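Have a look at the structure below, then the notes.
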Amino acid sequence: MVTVDQVWAALEEIPDPEIPVISLVDLGVIRGVAIDGDRVHIDFTPTFLGCPALEVMKRALEDKVAELGGDPDVAVIQDDSWSTDRITAAGREKLREAGFAPPAPRAAGTTTLVQLQSKAFRCPYCGSTETKLENIFGPTPCRSIRWCESCRQPFEQFKTI
Amino acid sequence: MSGGGSTEPREAARAQLLLSIADDELILGWRDSEWTGIAPTLEEDVAFSSIAQNEIGHARALYELAAVELDSDADALAFDRAPDAYRCAPFVELRLLDWAHTIARRYLYEEADRVRLDALRASDDTELAGLAAKIDREEVYHRMHAEMWAARLRDEPRFRDAVNELWPYALGVLEPEQRAELAQRVGLRVESTQAIERGEHTPELAELWNEMTEVRRSVPGANW
């Protein structure tokens with residue numbers, strides 16, 4: 001019989017399908033793991049509702065549990081419990097190293113256009129805050145596009161939600 | 001009231017509400033996606049594609065909630081109903097071919113959607129309230145986009161005309177008691193405006209439906 005700790009350790013090996021430098025655990029989308037005999041229950045929260053990787057993530061979770069010899073039961077929780085604040089500190093650092101500026105904390109409340117147009121966002125390449133908003137939207141629902149005035153490089157900024 | 005019969009109308013009403021919102025989001029997402037590849041700038045091409053993807057994602061989540069009550073699934077609800085069975089407002093069906101009208105619709109729709117989401121978030125239906133709150137996290141970015149364009153075009157006569165022309169349609173997205181709040185937000189009037197209500201469809205919906213369901217209808221029952 002598998003243990004909760006074994007399941008968490010195994011899930012840490014599953015990369016995000018679109019940003020593979022970060023694991024699903026670092027992304028904070030696993031809300032809970034529970035064991036009931038051979039049955040392994042996982043509560044999984046989507047990031048963005050239109051994310052095309054949702055089904056891939058769900059299947060990856062099921063496959064991983066099956067590899068451990070468990071019988072997977074993955075519940076997709078469509079409530080408001082995921083926000084970018086759930087990305088772990090380690091996950092944020094991995095994002096930055098890969099050239100994705102990690103999301104700003106939600107502490108200040110809902111993001112506003114004024115904030116996005118401010119210079120609070122740091123370039124993941126050179127660390128400068130001399131950056132400006134190019135597009136609220138980007139190649140996937142979770143990213144915006146910014147431009148760094150210092151190293152003259154565009155970069156992708158994880159949206160805060 | 002007690003007894004088995006009293007919960008049924010309430011459940012039916014909830015499923016109909018979920019379908020109304022889901023259909024709005026699906027059809028508007030489809031319309032917005034029509035700018036992919038032909039928007040006036042590359043940045044807007046990216047923006048409209050991303051917004052469309054979000055709206056269709058919201059539709060999927062809402063259909064999934066409705067599907068539990070209707071013993072169906074999200075794809076069947078999205079694609080297997082006849083055009084007349086859709087509950088979307090005529091506003092989202094319109095095929096708008098110029099940028100002024102497109103931005104006017106995005107602006108008015110996002111403002112109406114904000115009123116609707118605020119009400120849902122405050123409802124005692126915790127499942128729906130939770131989903132509405134999640135949807136709203138994404139809509140924040142749609143509103144920024146719409147407000148940015150509305151501010152930029154505010155003094156352009158073509159944009160003003162488009163907003164006035166679409167206003168009766170925008171009112172039809174909301175329940176009558178929610179309309180005053182929308183009017184206040186956008187600085188227009190409910191009085192003396194005949195709202196174009198949900199229930200009737202424009203000829204554009206049937207055209208859109210033909211295209212949208214074509215692949216699915218080509219092999220009924222296939223597992224994609």
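Chain identifiers are assigned alphabetically (A, B, ...) following the order of the sequence lines, protein sequences preceding nucleic acid strands; residue numbering begins at 1 within each chain. This structure is a prediction, so every number in the text was calculated from the model and none was measured.
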**Request:** Please flag which part of B:Glu64 lies under 4.5 Å from any non-hydrogen atom of chain A: side chain, backbone, both or neither.
**Result:** side chain
**Request:** With side-chain contact (heavy atoms from CB on, under 4.5 Å) as the test, would you mind laying out the steps for A:Asp79 and B:Lys134 before giving the verdict?
**Result:** CA-CA 6 Å; A:Asp79 66 7; B:Lys134 183 163 183 67; over 6 Å; no
**Item:** Among the listed options B:Ala52, B:Ala61, B:Ala129, the residue most often paired with chain A at heavy-atom distances under 4.5 Å
**Value:** B:Ala61
**Prompt:** What part of B:Val46 gets closer than 4.5 Å to chain A, counting heavy atoms only: side chain, backbone, both or neither?
**Reply:** both
**Item:** Inter-chain contacts: residues 140-149 of chain A against chain B, heavy atoms under 4.5 Å
**Value:** A:Thr140, A:Pro141
**Item:** For the student: nearest non-hydrogen atoms of A:Leu54 and B:Arg60, plus distance
**Value:** CD1-NH2, 3.0 Å
**Test: B:Arg137 and A:Asp80 ion pair at under 4.0 Å** = yes
**Set of ring pair (Phe, Tyr, Trp, His ring centres under 6.0 Å) partners for B:Tyr63, sequence neighbours left out** = none
**Message:** With rounding to the nearest 0.5 angstrom, report the CD to CE distance, A:Gln117 to B:Met144.
**Reply:** 9.5 Å
**Message:** Quick check: under 4.5 Å, non-hydrogen atoms only, which of residues 151-161 of chain A neighbour chain B?
**Reply:** A:Lys159, A:Thr160, A:Ile161
**Asked** Among residues 41-53 of chain A, which residues come closer than 4.5 Å to chain B, judged by heavy atom distances?
**Response** A:Pro46, A:Thr47, A:Phe48, A:Leu49, A:Gly50, A:Cys51, A:Pro52
**Request:** Answer yes or no: are there more than 12 heavy-atom neighbours, outside B:Arg152 itself, under 6.0 Å from its atom CZ?
**Result:** yes
**Item:** Interatomic spacing from CD in A:Gln78 to CD1 in B:Ile135 - rounded to 0.5 Å
**Value:** 8.5 Å
**Message:** Does B:Arg185, at its CZ atom, have more than 12 non-hydrogen atoms belonging to other residues, nucleotides or ligands within less than 6.0 Å?
**Reply:** yes
**Item:** Proximal component of A:Leu116, with respect to chain B [non-hydrogen, under 4.5 Å]
**Value:** side chain
**Message:** Check whether A:Asn135 reaches the backbone of B:Glu43 with its side chain - one donor and one acceptor, N or O, closer than 3.5 Å.
**Reply:** yes
**Asked** Side chain, backbone, both or neither: which part of B:Leu131 has a non-hydrogen atom closer than 4.5 Å to chain A?
**Response** both
**Message:** Can you tell me how the ring of B:His145 sits relative to the ring of A:Phe137, calling it parallel under 30°, perpendicular over 60° and tilted otherwise?
**Reply:** perpendicular
